[in-house]
Amino acid sequence: MTELSGDGPVAADDHALAAELARSAGRLLLDLRADKGFDDPRDLMDAGDQAAHEHLMAALARYRPGDAVLSEEGPEGRADPARLGSERVWIIDPLDGTREFGEDGRDDWAVHVALWTKGSLVAGAVALPAWGRTLATVSGGAEITDESTSERSPLVTRDLPDLSRIRVTVSRSRPPRFMQSLQAYLEARGVTADIVPIGSAGAKISAVLVGEVDAYVHAGGQYEWDSAAPVAVALAAGAHASRIDGSELVYNQHDPTLPDILVCHPELAPMMLAGIRESNGGD
């Protein structure tokens, strides 16, 4: 049976539970990576997906037995009537950035744990084990933990970046087809947009929240578990998070496909949304 550090108070609080579940799965994945090495990347990736999934499912069965779960590695739950009728659903990605996890030297992979309740994301955590960080919601906001020191700091939307030059992170393998047009749109308005490929969606959104990049744009296909946890943290930290047409990101749907996303500073959002709309043919 999965045990959590700080069992009592952690298990009683959804924010703390999300953070500890993500953190403990991350530790497991770091140990697995060290034990197996990188001689067989496919085997390492499969083992990571399975081990983290089993770890999180066992913990949720113990600490939240009445809640439903939607996991990337649990296809039986995707159209589960119990999930769709539940008031509390944990949306998890046990290993976000599986390909990066299997590559020696890559650190842009994550563990996502989010809680959806009655139509809204109410708690979430993104563990970035190889970065030594965990970003999580807390009551009334969000925080970041340095796992090497256990030091916790408030996570809030920073001052607006210099709009003459911004950094936009995109998928390593599937950048939006309109990115060149978006860059041209921004350039015409005096804004140079440097493109920064990063692996995991959680790593990309976390990079926005800690100020390493200024925006994340994706339009190449995703699912609810790819974004639920980092979006929960982003919204709690005061960032903008929406579909690329500006509409709300909606979770716990019958079809868990959620194919596009924009996360950025709220004051940057109008320009980014206008640029995406024009660059994407007005779609």
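Note that the coordinates shown come from a computational prediction; the quantities given were computed from them, not determined experimentally.
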Original post:
Is there a donor-acceptor contact under 3.5 Å linking the side chains of S171 and H218?
Top reply: no
Subject >> same_hphob_cluster(L262, L163) at 4.5 Å side-chain heavy-atom cutoff >> reply: yes
**OP:** Indicate yes or no: at least one non-hydrogen side-chain atom of L70 is less than 4.5 angstrom from one of P256.
**Re:** yes
Subject >> R167/D194 ion pair, N-O < 4.0 Å >> reply: no
Original post:
V138 and L21: same hydrophobic cluster, using ILVMFWY side-chain contacts below 4.5 Å?
Top reply: no
Subject >> Side chains of M57 and P94 in contact at under 4.5 Å (non-hydrogen atoms) >> reply: no
Original post:
Among R133, K204, R158, whose salt bridge (charged side-chain N to carboxylate O under 4.0 Å, His left out) with E212 holds?
Top reply: R133
**OP:** Give a yes or no on whether M45 and I198 share a hydrophobic cluster (residues Ile, Leu, Val, Met, Phe, Trp, Tyr; joining criterion: side-chain heavy atoms under 4.5 Å apart).
**Re:** no
**OP:** Inspect the contact between D46 and R42 and indicate whether a charged nitrogen and a carboxylate oxygen are less than 4.0 angstrom apart.
**Re:** yes
**OP:** Return yes if a side-chain donor-acceptor contact under 3.5 Å exists between Q183 and E187, otherwise no.
**Re:** no
Subject >> Ion pair check, R165 and D214, cut-off under 4.0 Å >> reply: no
Subject >> E147 backbone acceptor or donor facing T145 side chain under 3.5 Å >> reply: no
**OP:** Would you indicate whether the side-chain heavy atoms of M179 and V168 approach each other to under 4.5 Å?
**Re:** yes
Original post:
Are W109 and F38 joined in one hydrophobic group, where the rule is that I, L, V, M, F, W and Y side chains link up if heavy atoms are under 4.5 Å apart?
Top reply: yes
Original post:
Hey, are the side chains of D96 and F101 touching, using non-hydrogen atoms and a 4.5 Å cut-off?
Top reply: no
Subject >> Within one Ile-Leu-Val-Met-Phe-Trp-Tyr cluster: Y223 and V231, side-chain cutoff 4.5 Å >> reply: yes
Original post:
Can you find a heavy atom in the side chain of S227 that is under 4.5 Å from one in the side chain of L258?
Top reply: yes
